[in-house]
Amino acid sequence: TNDTHGFDQRADGINGMATIKDLKDDFETPKNFNVDRLEKGIRIFILGMTMKVLLADRLYFLWNGVQTIGFLSISTELAWLTMFSYSMQLYLDFQGYSLMAIGIAMILGFDLPSNFKSPYLSRSISEFYRRWHMTLGEWFKKYVYFFRLRITINDRLSSIILLNPL
């Protein structure tokens with residue numbers, strides 16, 4: 001179903017970019033208890049929580065400490081370490097939340113799309129952005145870029161028709 005603006009209604013949440021249309025079959029199919037899905041979902045949830053709580057939150061302390069000290073007071077080495085730590089903290093935080101959502105959804109019988117595909121192993125900036133927060137990138141492409149492109153094309157066609165009546 002669409003709302004009044006033509007956007008698909010979303011199953012928002014932490015992972016968040018699966019459309020209702022994507023999950024329709026999952027909602028309509030009766031759920032049977034499955035030990036394998038439960039075990040896999042718990043493992044994915046624990047991996048996500050580990051990334052978030054044990055890794056990302058610890059890296060945040062370095063970033064916060066450097067902000068407290070002040071950027072002008074740190075060495076070049078600490079600046080590089082802080083920059084690396086901050087980028088890893090962002091990735092681990094987002095990926096951790098995403099994996100927790102995917103794990104909970106799996107336990108409940110739903111399949112959510114993967115959100116990251118090892119972005120730091122990319123060979124180019126464009127590949128990095130395709131692998132980073134993939135569902136958000138797809139949403140922007142579908143609802144911002146193509147939506148804006150469609151409006152631009154319609155505006156140009158309208159002006160051509162108005163300027164060159166038959």
>> Contact between Phe45 and Leu99 at the side-chain level, heavy atoms closer than 4.5 Å - yes or no?
In response: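 When only atoms from C-beta onward are counted, Leu99 and Phe45 do not touch, as no gap falls below 4.5 Å.
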
> Within a strict 4.5 Å, meaning less than it, do heavy atoms of the Met51 and Tyr97 side chains meet?
Replying inline: no

>> Minimum heavy-atom separation for Pro119 and Phe128, please, with both atom names.
In response: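 So the minimum-distance heavy-atom pair works out to O-CD1, 3.1 Å.
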
>> Testing the basics here: between Asp93 and Ala56, what is the closest heavy-atom pair and its distance to 0.1 Å?
In response: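 Where Asp93 meets Ala56 most closely, the heavy atoms are N-CB, 3.6 Å.
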
>> Tell me every residue that passes side chain to side chain donor-acceptor pair (under 3.5 Å) with Ser126, counting only those two or more places apart in sequence or in another chain.
In response: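 Applying side chain to side chain donor-acceptor pair (under 3.5 Å) to Ser126 gives Ser124.
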
> If Ile, Leu, Val, Met, Phe, Trp and Tyr residues are connected whenever their side-chain heavy atoms lie under 4.5 Å apart, and connections chain through other members, are Met49 and Leu55 in the same group?
Replying inline: yes

When rounded to the nearest 0.5 angstrom, what is the spacing between [atom1] in [X] and [atom2] in [Y]?
X	Y	atom1	atom2	value
Ile44	Met100	CD1	CE	13.0 Å
Tyr91	Phe116	OH	CZ	7.0 Å
Phe94	Asn115	CZ	CG	9.5 Å

Under 3.5 Å, which donor-acceptor pairs do the side chains of residues 79-90 form with other protein atoms, sequence neighbours left out?
| residue | atom | partner | partner atom | Å |
| --- | --- | --- | --- | --- |
| Thr82 | OG1 | Leu78 | O | 2.7 |
| Ser85 | OG | Leu81 | O | 2.8 |
| Ser87 | OG | Phe84 | O | 2.9 |

> Cluster partners of Leu121, using ILVMFWY side-chain heavy atoms under 4.5 angstrom, listed by chain and number?
Replying inline: none

May I have the list of side-chain donor-acceptor pairs in residues 32-42 shorter than 3.5 Å, sequence neighbours left out?
| residue | atom | partner | partner atom | Å |
| --- | --- | --- | --- | --- |
| Asn34 | OD1 | Asp36 | N | 2.8 |
| Asn34 | OD1 | Arg37 | N | 3.1 |
| Arg37 | NE | Met106 | O | 3.3 |
| Arg37 | NH1 | Asp111 | OD1 | 3.3 |
| Arg37 | NH2 | Met106 | O | 3.4 |
| Arg37 | NH2 | Phe110 | O | 3.1 |
| Arg37 | NH2 | Asp111 | OD1 | 3.1 |
| Glu39 | OE2 | Arg43 | NE | 3.3 |
| Glu39 | OE2 | Arg43 | NH2 | 2.8 |

> Quick one: salt bridge (Lys or Arg N to Asp or Glu O under 4.0 Å) pairs with a partner in residues 62-81, sequence neighbours left out?
Replying inline: none

Which pairs of donor and acceptor atoms, one on a side chain in residues 57-67, lie under 3.5 Å apart (sequence neighbours left out)?
| residue | atom | partner | partner atom | Å |
| --- | --- | --- | --- | --- |
| Asp57 | OD1 | Lys52 | NZ | 2.5 |
| Trp63 | NE1 | Gln67 | OE1 | 3.3 |

